[in-house]
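Everything below concerns the one structure shown next.
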Amino acid sequence: NAGVMQNPRHLVRRRGQEARLRCSPMKGHSHVYWYRQLPEEGLKFMVYLQKENIIDESGMPKERFSAEFPKEGPSILRIQQVVRGDSAAYFCASSPPAGREDTGELFFGEGSRLTVL
Amino acid sequence: GIQVEQSPPDLILQEGANSTLRCNFSDSVNNLQWFHQNPWGQLINLFYIPSGTKQNGRLSATTVATERYSLLYISSSQTTDSGVYFCAVDPSTSGTYKYIFGTGTRLKVLA
């Protein structure tokens, strides 16, 4: 059973370009979370999505950042007009839909490391 | 908001030694996980442990929710145990798993 898949693992962008990070949740999971880890820090919650719905985006920066989880395909975290401060590791996590298997545990991917030159 | 403190911040061990990592949190939580971030940056689930005790090989964890702390025990440490250990707690009751991460314990195991 494949885990949470993220790509690309590493992404380099110049200031002003766009970055797109993709996340496919574990099989059977319908809830996706994005977290950001700045250098030498712990992870911080950004956004929680279900299929075609943003449930909680209280941790997302107000500008330049957006996330989606379409009916088909992976979840995408999009950063427009990147700046050096966006350099970080972006982790995706997934959990199953509410029910017996939904214990509250999150399963994380290996992360996507964005470097802005 | 809830505060999550981990101690010690840094730890150096000789291979074979045992250690205890601590996580204190300032409010009641519904979910708690321990993670290991290896030197390559990968985040590995160790335990989901909102209460009670669990063991997995050389690792075990105990959470005393009423006293707002959790402990991670590493026995017979190996060089592959090196990395950062994070405790993460989720205080919400809404079903939105907005985990709050501690600042981590950075462990280095020497051969």
Side-chain angles (χ1 to χ4, degrees), chain A residues 1 3-6 8-11 23 25-26 29-50 53-60 87-99 101-115, chain B residues 1-7 9-10 21 23-25 28-52 54 56 61 63 65 70 72 83-107:
Chain A
N1 196 9
V4 177
M5 305 299 292
Q6 291 189 247
R9 292 290 311 281
H10 300 275
L11 183 63
C23 169
M26 284 179 68
H29 287 192
S30 57
H31 299 186
V32 165
Y33 297 77
W34 286 94
Y35 283 75
R36 178 166 66 174
Q37 184 180 32
L38 295 172
E40 305 299 321
E41 294 187 10
L43 280 71
K44 287 186 168 57
F45 168 81
M46 298 180 75
V47 61
Y48 162 44
L49 310 103
Q50 297 177 14
N53 278 308
I54 297 174
I55 307 302
D56 186 329
E57 57 181 345
S58 57
M60 286 278 272
S87 295
Y90 292 85
F91 286 90
C92 173
S94 72
S95 66
E101 292 186 3
D102 179 19
T103 61
E105 184 175 6
L106 288 187
F107 298 84
F108 281 82
E110 295 188 337
S112 292
R113 277 144 192 87
L114 172 66
T115 300
Chain B
I2 192 169
Q3 303 297 313
V4 183
E5 294 182 354
Q6 291 187 242
S7 59
D10 296 280
L21 281 56
C23 172
N24 292 332
F25 39 97
S28 59
V29 299
N30 285 300
N31 300 295
L32 187 149
Q33 291 187 240
W34 281 97
F35 298 93
H36 174 213
Q37 188 166 38
N38 65 22
W40 296 271
Q42 296 171 325
L43 200 64
I44 300 161
N45 284 37
L46 295 179
F47 294 101
Y48 170 73
I49 186 165
S51 64
K54 289 185 178 179
N56 184 3
T63 297
S70 183
L72 178 69
V84 183
Y85 289 79
F86 288 107
C87 166
V89 304
D90 168 35
S92 68
T93 57
S94 64
T96 299
Y97 305 135
K98 292 167 62 173
Y99 277 83
I100 310 297
F101 279 71
T103 52
T105 291
R106 190 174 301 273
L107 173 65

(Q) Testing the basics here: between A:Q6 and A:G111, what is the closest heavy-atom pair and its distance to 0.1 Å? (A) OE1-N, 3.0 Å

Q) Closest approach of B:I49 and B:A61, non-hydrogen atoms and distance? A)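 Nearest pair, atom of B:I49 first, then B:A61: CD1-O, 3.1 Å.
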
Please flag which part of [X] lies under 4.5 Å from any non-hydrogen atom of chain A: side chain, backbone, both or neither.
X     : result
B:Q42 : both
B:Q37 : side chain
B:D90 : neither

Q) What orientation do B:F101 and B:F86 show, parallel under 30°, tilted 30 to 60°, or perpendicular over 60°? A)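 Geometry flag for B:F86 against B:F101: perpendicular rings.
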
Q: Let me see the working for A:S58 and A:F45 under side chain to side chain contact (heavy atoms under 4.5 Å, CB included), right down to the final yes or no.
A: CA-CA 8 Å; A:S58 57; A:F45 168 81; 3.6 Å; yes

Q) So which part of A:F91 gets closer than 4.5 Å to some heavy atom of chain B, the side chain, the backbone, both or neither? A) side chain

(Q) Does any backbone or side-chain atom of A:E41 lie under 4.5 Å from a heavy atom of chain B? Answer side chain, backbone, both or neither. (A) backbone

Q) Mind checking whether B:Y99 and A:Y35 have ring centres under 6.0 Å apart? A) no

